[in-house]
Amino acid sequence: MAAIRTDDLTKRFGDVVAVDGLDLTVEEGEVFGFLGPNGAGKSTTINVLLGFIEPSSGGAEVLGADVTTHSRAVRERIGLLPEGYGLYENLTGREHLVSAIETKEADDDPDELLDRVGLDPEDARRAAGGYSKGMQQRLGLAIALVGEPDLLVLDEPSSGLDPKGIKLLRNIVREEADRGATVFFSSHILDQVEKVCDRVGIMAEGELVALDTLDELRTEMGVGGVVEATVDAVPDLEPVRAVDGVRDVTATEDVVTVTCGDPAAKMPALRRIDDAATVEDIGIETTSLESLFEEYTNGEHEAVAAQPEKAAPVTGGED
Amino acid sequence: MRLATIARDDFTNARRSSIVLAVIGVFTVLVAMIFASEYGIYDEPYRTLFDVSAFVSFVFPLFLAPLAYLSIAGDRMDGTIKYVMGLPNSRAEYFFGKFVSRLSVATAAVVLGMFVSFVIAFATYVQAPSVERFAVFTGVTLAYTVSFVSIFVAISAAASSRSRAMFGALGAYFLFVVFWFGFFPVINLGTILDTVESLLGVTISDNTRSYVQLLSPATAYLQSTEPVYAGVFDQYQSFQMNFQPGSDKLHDQTWFAVLVMLAWSAVSLAVGYLSFRRSELG
């Protein structure tokens with residue numbers, strides 16, 4: 001049984017088609033990144049899954065239950081962090097969490113959950129009306145974790161979180177996935193998704209424009225990375241262009257930029273440059289999800305590949 | 001249980017709100033002031049209850065409006081509804097949970113106001129207040145409260161924005177109170193009925209007019225206070241002008257007036273819920 005399955009799901013608001021014939025299957029146990037710019041139809045899709053809105057046509061199932069006819073059964077088994085949700089301003093964060101535990105008939109210890117999401121016990125006992133966005137997101141995450149849900153639906157969970165909070169979010173997503181939960185993670189901020197998701201789907205203008213693992217997407221796009229070599233003098237570039245897997249070579253006064261279709265082409269290309277000139281410094285960029293994402297959503301594949309310096313900086317490494 | 005959790009959270013949120021406390025406080029003070037200002041004029045507290053009933057029927061909906069008109073529309077605007085409805089609550093639990101909470105707040109205002117009034121009456125009036133009369137008065141006032149809280153919560157559920165909820169609530173007030181009582185000299189229930197008569201060339205009997213007159217919760221409320229003055233109608237002219245204690249007409253019966261108020265509640269809640277059940281959240 002799939003965790004989420006949509007079947008030709010379409011949602012129109014008047015003349016606007018927010019979601020256009022979406023066929024999407026998220027398998028149980030996977031961490032799925034649901035990507036796209038604002039207005040791509042991500043939240044509309046999620047709102048249909050929650051039973052907040054009815055599809056114009058097509059349908060959707062969550063954990064085997066029809067979302068329009070069995071909305072409550074669906075919401076009993078999922079943990080939700082909605083985008084742009086609000087809190088009762090005069091209730092404390094902890095009171096919200098306790099109510100969520102009651103409503104889900106779960107037996108979680110609220111203080112344990114608060115500790116897990118890093119919400120300070122003192123803050124948790126203050127009125128939620130005074131919360132920062134980050135505190136509210138942490139509380140929302142705690143609420144989503146109530147009752148060990150089979151499916152976590154996180155809509156833009158990292159918005160408002162500081163880097164520490166984002167790292168915590170990632171760890172929680174991993175822990176939940178290890179427990180066996182499915183995680184459906186929607187975002188327009190990409191480098192966080194890159195690190196936790198098994199598979200991604202990219203939405204643009206209501207349609208799913210890409211669906212695969214990140215590695216596959218990278219290969220499909222033929223973007224193997226960009227090498228920038230600072231040299232004492234620019235050599236003849238033809239031998240570099242001749243390297244198998246190199247797509248483009250350009251040079252400025254003292255920088256040679258090699259764009260590779262295949263990651264394995266980077267080193268041979270660099271050796272050719274090194275053979276002909278003195279390399280003083282090198283920089284390597286692997287394709288970030290963001291540049292991939294821009295290519296998919298803007299259809300500007302070539303432009304992005306030719307101008308690697310405009311792609312988002314690599315965000316891998318320590319976090 | 002889930003309805004109770006929703007109602008409790010909403011109620012707690014209201015209880016800690018200074019605006020809500022201010023609304024309840026001002027209402028209590030105003031009712032208490034009516035009692036305090038009349039103890040030198042009348043010996044019997046029930047005569048003051050009559051003035052309070054006029055105040056309640058004309059003005060109390062304006063106190064109930066801020067307590068109820070944003071109950072659901074406000075949650076939609078600030079996203080709190082996503083927190084509640086993201087949990088396994090049904091729309092019915094949410095809608096009626098909100099209603100129960102707001103009704104509880106309004107009930108607190110009525111009960112507190114009547115309690116303070118009773119204490120003042122007890123301390124200052126020549127004749128001691130009757131617990132029974134106060135209890136009946138509180139009871140029918142609560143029926144009136146139920147009708148208007150239902151109307152406002154229903155409007156809130158059907159409204160897609162804050163401003164629509166506000167205009168809806170004001171509209172309901174003007175229709176059921178200002179228009180029905182005829183506070184506007186030119187356009188009111190009486191002139192509309194006159195127009196209907198002349199347009200259709202029919203005569204609307206006084207009896208029919210009395211029935212139509214009773215169909216607003218506000219007019220029904222005044223009619224329903226009749227038992228408060230049981231046995232003392234001859235004491236004051238204002239009682240005799242407003243009530244027909246011996247009448248066997250349906251529109252003069254207390255139970256019928258209470259039924260009108262509760263019918264407004266039932267119809268509003270049904271319409272409000274059905275609209276909310278189909279509406280798009282988020």
Above 12 or not: heavy atoms from other molecules or residues under 6.0 Å from [atom1] of [X]?
X      : atom1 : result
B/F122 : CZ    : no
B/I187 : CD1   : no
A/R5   : CZ    : no
A/E148 : CD    : no
B/F115 : CZ    : no
A/E205 : CD    : no
B/R15  : CZ    : yes
A/D109 : CG    : yes

Heavy-atom side-chain contact between [X] and [Y] under 4.5 Å:
X      : Y      : answer
B/L87  : A/I143 : yes
A/E105 : B/R2   : yes
A/T103 : B/N89  : yes

Specify the closest pair of heavy atoms between A/F52 and B/M85, including all atoms of both residues, with the distance to one decimal.
CE1-O, 3.4 Å

Give me the atom names and distance for the closest heavy-atom approach of B/Y83 to A/S99.
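Looks like OH-CB, 3.6 Å.
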
Mind checking the OG1-CD1 spacing from B/T5 to A/I101? Nearest 0.5 Å is all I need.
11.5 Å

Determine the option with the most heavy-atom pairs under 4.5 angstrom with chain A, choosing from B/R278, B/R16, B/R91.
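The candidate making the most pairs under 4.5 Å is B/R16.
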
Listed by number, the residues in residues 88-97 of chain A that come under 4.5 Å of chain B (heavy atom to heavy atom) are A/Y88, A/E89, A/N90, A/L91, A/T92, A/E95, A/H96

Can you pull out the residues in residues 64-83 of chain A with any heavy atom less than 4.5 Å from chain B?
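The residues closer than 4.5 Å to chain B, in numerical order, are A/R72, A/R75, A/E76, A/L80, A/P82, A/E83.
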
Examine whether an atom of B/D10 lies under 4.5 Å from a heavy atom of chain A, and if so say whether it belongs to the side chain, the backbone or both; otherwise answer neither.
both

